[in-house]
Asker: 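Could you have a look at this structure, given as structure tokens, before my questions?
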Amino acid sequence: MSDQRKLQIYHTIKLVPEGKVASYAQIADLAGLPRRARLVGYYLKQLESTNTIPWHRVIKSNGEIAFPNDSEMAKKQCQYLLSEGVSVTNFRINMKKYQWMPEIVDILYNLKF
DNA sequence: CACGTGACATATC
DNA sequence: CGATATGCCACGT
């Protein structure tokens, strides 16, 4: 069922460490669903307010917050990020500095030999 | 079954 | 940096 993809996506987002961010596309890739960034957004939209998923660490690939700049959600997301050390300026984040680089990439690299 | 929508992305100009 | 075009796909209508 599609429930599997949903869980896979949620699981992947939970791996993003505090103080780091990941794009919708990156989450989709790591979840085994390449080119399906929109699906990540779709499932995040389904979250209940009681979840423990760090949804605020998921942003657009260009570094922008996905919500409209004048929305309450955008403000909340910025606040969460700032509180964990991620600098946010005009609803934008410096990806070079804060993009999450999953350890699994290194592990896979080492397994090549 | 045909369209429109959307917490997205990438390529080109 | 912005603007356009195209890809993507689950869902609702």
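In what follows, chains carry the letters A, B, and so on, assigned in the order in which the sequence lines appear, proteins first and then strands, with residues in each chain numbered from 1.
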Asker: Nearest whole angstrom, please: distance from the C1' of C:dA10 to the CZ of A:Arg35.
Answerer: 17 Å

Asker: Do you know the tightest heavy-atom contact between A:Ala37 and A:Ala28?
Answerer: N-CB, 4.1 Å

Asker: For A:Arg38, report the nucleic acid contact type (base, sugar-phosphate, nothing); a contact means any heavy atom under 4.0 Å.
Answerer: base

Asker: Pick one: which of A:Asp70, A:Asn69, A:Ile65 meets side-chain contact (heavy atoms from CB on, under 4.5 Å) with A:Phe67?
Answerer: A:Ile65

Asker: Between CG of A:Leu33 and CD1 of A:Ile9, what distance do you get to the nearest 0.5 Å?
Answerer: 5.0 Å

Asker: Give a yes-or-no answer on whether the side chains of A:His56 and A:Glu84 include a donor-acceptor pair shorter than 3.5 Å.
Answerer: yes

Asker: Is there side-chain contact between A:Pro54 and A:Ile13, with heavy atoms separated by less than 4.5 Å?
Answerer: yes

Asker: Got a sec? Which of residues 39-50 of chain A come in under 4.0 Å of DNA chain C, heavy atoms?
Answerer: A:Leu39, A:Tyr42

Asker: Could you measure between the two P atoms, the one in B:dA7 and the one in C:dT6, and give it in whole Å?
Answerer: 23 Å

Asker: Reckon A:Ser61 has a side-chain N or O less than 4.0 Å from the OP1 or OP2 of B:dC8?
Answerer: no

Asker: What distance, rounded to whole Å, do you find between the two C1' atoms, one in C:dG7 and one in B:dG6?
Answerer: 14 Å

Asker: Under the criterion side-chain contact (heavy atoms from CB on, under 4.5 Å), I'd like the reasoning laid out for A:Tyr98 against A:Leu81: C-alpha separation, chi angles, the key distance, then a yes or no.
Answerer: CA-CA 11 Å; A:Tyr98 301 104; A:Leu81 288 173; over 6 Å; no

Asker: Would you say C:dA10 has OP1 or OP2 under 4.0 Å from some side-chain N or O of A:Arg36?
Answerer: yes

